[in-house]
Every structure is written in structure tokens, then in C-alpha cells.
Enquirer: 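Attaching a single structure in C-alpha cells format; questions to follow.
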Number of protein chains: 2
Amino acid sequence: MKKELPAAQLDAWRRYYVSFWRISAAIEADLVAAGLPSLSWYDALYQLYRAPERRLRMSDLARGALLSRSGLTRLVDKLEAEKLIERRTCPEDGRGQHAQLTDKGVECLRRIWPVYRAGIAKYFGAQMNDAEAKQLATVFRRIVAVLDPGMDEAKE
Amino acid sequence: MKKELPAAQLDAWRRYYVSFWRISAAIEADLVAAGLPSLSWYDALYQLYRAPERRLRMSDLARGALLSRSGLTRLVDKLEAEKLIERRTCPEDGRGQHAQLTDKGVECLRRIWPVYRAGIAKYFGAQMNDAEAKQLATVFRRIVAVLDPGMDEAKE
DNA sequence: AAGCGATAGTTGCATCTGCAAGTAAAATCC
DNA sequence: GGATTTTACTTGCAGATGCAACTATCGCTT
């Protein structure tokens, strides 16, 4: 395997890697301090919020929420226990389940978002100007498009 | 809490967040496929590799390796069981332990790095030119400097 | 130098996560 | 149309991780 990684890319990678863990930890800490659920709950609820009729098949939700299917099953168990979503057997496929966001789930999203948004602004956004933000988005869009071709269309 | 997050920053954040999980998963999968240990092992070993005399106090290593102290204790247990590091009681502080990288640990790093480097190049670096890489590094440096003031000096 | 609060590291327990195996239903094959 | 393969989700189990409690030591105070 030949040397194939320019120094600027390696440098960018190391800082990207560390910054991600630091920001995640800081935001999670803010959520805990506010008595709110973690980002993984938000991710799942938000996927449903954006989906047509606020529901998704379990597998689709797992993909969007960055979890394995088994991980999602457990998460959905907890969300359902809190009445934030409901499981509904899929009418056109007896094997499948829909996760359906409830009104309480929407309300939960609305409680999380201000804290999450403030964290993004404080730990991430505050360190860049508008041009830099657009630049970052451009590069990350390319990365996501390569690693998860189906994701892009689903997100916008 | 007022609306305080420009759309460009939110967009950058969402793609940053997803891209990080996708890249991490892809690299971890490559490491597993190559029969190599995970990134968390690499992180810890690499911290030691860069440290003076290839050793660090447990707490310092935990900070650099992005782990809690308890998490580090478990990780060090495993690394020591594999003879990649050694625990040594700290001469100037009887409470403290040094984690000391062994030759076998260095060799392990050298086996991981080609796969890791290829993953960084393929999933991350390939999607940006040199100017973009520098731009990203600049922004992430600011983020890390804010969230972890001590880190920057330690890294360069 | 004895006491006391602070610090370094470890361990118990609970949580999260994934892989692989299991169950159920659909799709395909013959 | 009955059997086999595939797909969708769930569950058993094992690994990773963090918080809080614990032990041991340090360093400051008096």
C-alpha cells in the first residue's frame, strides 16, 4: 500500500475526528443538563417528522437514524414506551412495521430542538463564517453522496 | 431562546454529522475485514507513540483518546493483555500509572496505519482538493481550540 | 506530623450497540 | 399450490462505555 494521503488531508481528518467527538459530547451534556433525551432519540424522531405522513418502515428509519436494525428495534421500544411513536403493522406487508410519530413525539422534538440548535450554533456554527459553512456543506455532501447514495435524495 | 442558527450552518452541521458516522463505519469495517483492532485502540496507541518516551499518565491518555477514565482503564486492560502497552507505577506519584507503549505496540500501530490511512484517503480525502482540506482544518482547529483548549498544543 | 480535602485510578452497575440466530410473512420456483 | 428462498423485524448474547462509588495517595493546613 503506497503513501497516498496528502498532509493537508490528514491534518483535516485529525481535527475533524476530534472536533466531532468534542462537539457531540458537549451537546449531549447540554441535553442531559436540560433533562432531555439524547441525540439518538432526536435523530429518530426527526426522521419520522420529515417523512410523508410522519411514518417510516423500521429499516428505513434505521438507515436514516444511523443505527443497525437491532439497535433501532430497541430504540423504538423505548420511544413507544414513552408514547412518542406507535408501531403499526404495515398494511401492504405483514412482515413490516411502520413507526408512526405521535403528537407527543412532535412535542418532544420541539423541546429538544432549542437546546440542540443552541449547541450547534455555539460549538460548531460560531467558529465559521457563512462562506465557510457553505464550503463545509459542499465537501460533506460529496462524502455522504459516495458513502450513502440513497441518503441525499431522502434528505432534501 | 431565539432563532440563532443560519441555514448554511445547519446544513453544514447535518452533513458533517452524517458524514462522520458513515466514514467511521466504513473505516471500522475495513479494519475488521483486515483482522485489525478498532480505531479506539489506534487512538490510544497513537497518543502514546507521539508522547515523550512513548508513555503517558492514564488521565492524559484518556483525554487524548477521547475516553472517560473508566473507559480508559478497561481499554488499557485489554491493550496490556495483548502486550501492546505496559502499566508502570509513576515514580513521582504513587497514585499514578504510566501507560508505556511496547515495541509490539509500535508494530501494531504500523499494521493498522496503512488500512486506516487508505480509509481516510478513500472516504474523506478523495472528496476534497488541497485548498478545501486546508479550509476544513482551519475551521476544525478553531472548534477544537474552543472546546478543548489544552489539546492544540499537545497535538502539534 | 496528624487530619482533611483533592486527585488518580479502578470497579460495580446500568445502558447502549451490534452481530448472529430465530420467527414470521412475502416472493419465487417448480 | 406447496416448498424453498428471501426479506423484515426481534431477541440472545457479548462487547463497549459512562457514572458513581471505592481505594490509595498526595498535598495543604494547622
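In what follows, chains carry the letters A, B, and so on, assigned in the order in which the sequence lines appear, proteins first and then strands, with residues in each chain numbered from 1. All of these numbers come straight from a predicted model, not from anything done at the bench.
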Enquirer: Please figure out whether A:Asp93 or A:Leu75 has its closest DNA chain C nucleotide nearer the 5' end.
Expert: A:Leu75
Enquirer: More 5' along DNA chain D: A:Arg95 or A:Gly71, using each one's nearest nucleotide?
Expert: A:Arg95
Enquirer: Salt bridge (Lys or Arg N to Asp or Glu O under 4.0 Å): which pairs involve residues 123-133 of chain B, sequence neighbours left out?
Expert: A:Arg142-B:Glu132, B:Asp130-B:Lys134
Enquirer: With sequence neighbours left out, write down each residue that passes side-chain contact (heavy atoms from CB on, under 4.5 Å) with B:Lys83, or none if nothing qualifies.
Expert: B:Lys104
Enquirer: Using a heavy-atom cut-off of 4.0 Å across all strands, would you classify A:Leu67 as base, sugar-phosphate, or nothing?
Expert: sugar-phosphate
Enquirer: For the pair A:Phe20 and B:Trp13, name the ring-plane relationship: parallel under 30°, tilted 30 to 60°, perpendicular over 60°.
Expert: parallel
Enquirer: Using a heavy-atom cut-off of under 4.0 Å over every strand shown, decide if A:Ser70 touches base, sugar-phosphate, or nothing.
Expert: base
Enquirer: In terms of side-chain geometry, is the basic nitrogen of A:Asp60 or A:Arg55 positioned less than 4.0 Å from the acidic oxygen of its partner?
Expert: no
Enquirer: Can you sort out the partners of B:Ala29 under side-chain contact (heavy atoms from CB on, under 4.5 Å), two or more places apart, ordered by chain and number?
Expert: none
Enquirer: What are the bounds, 5' to 3', of the part of DNA chain C that sits under 4.0 Å from heavy atoms of chain A?
Expert: C:dC16 to C:dA26
Enquirer: Which residues pass the side-chain hydrogen bond (donor to acceptor under 3.5 Å, both in side chains) test with B:Arg54, not counting sequence neighbours?
Expert: none
Enquirer: Mind checking whether B:Phe140 and A:Phe140 have parallel, tilted or perpendicular rings, split at 30° and 60°?
Expert: parallel
Enquirer: Under 4.0 Å between a side-chain nitrogen and a carboxylate oxygen: does that hold for B:Glu82 and B:Lys78?
Expert: no
Enquirer: Quick one: on DNA chain D, does A:Gly96 or A:Arg74 contact a more 5' nucleotide (nearest heavy atom)?
Expert: A:Gly96
Enquirer: Base, sugar-phosphate, or nothing for B:Thr73, non-hydrogen atoms under 4.0 angstrom?
Expert: base
Enquirer: Chain B on DNA chain D: first and last contacting nucleotide, 5' to 3', under 4.0 Å to a heavy atom?
Expert: D:dA16 to D:dC26
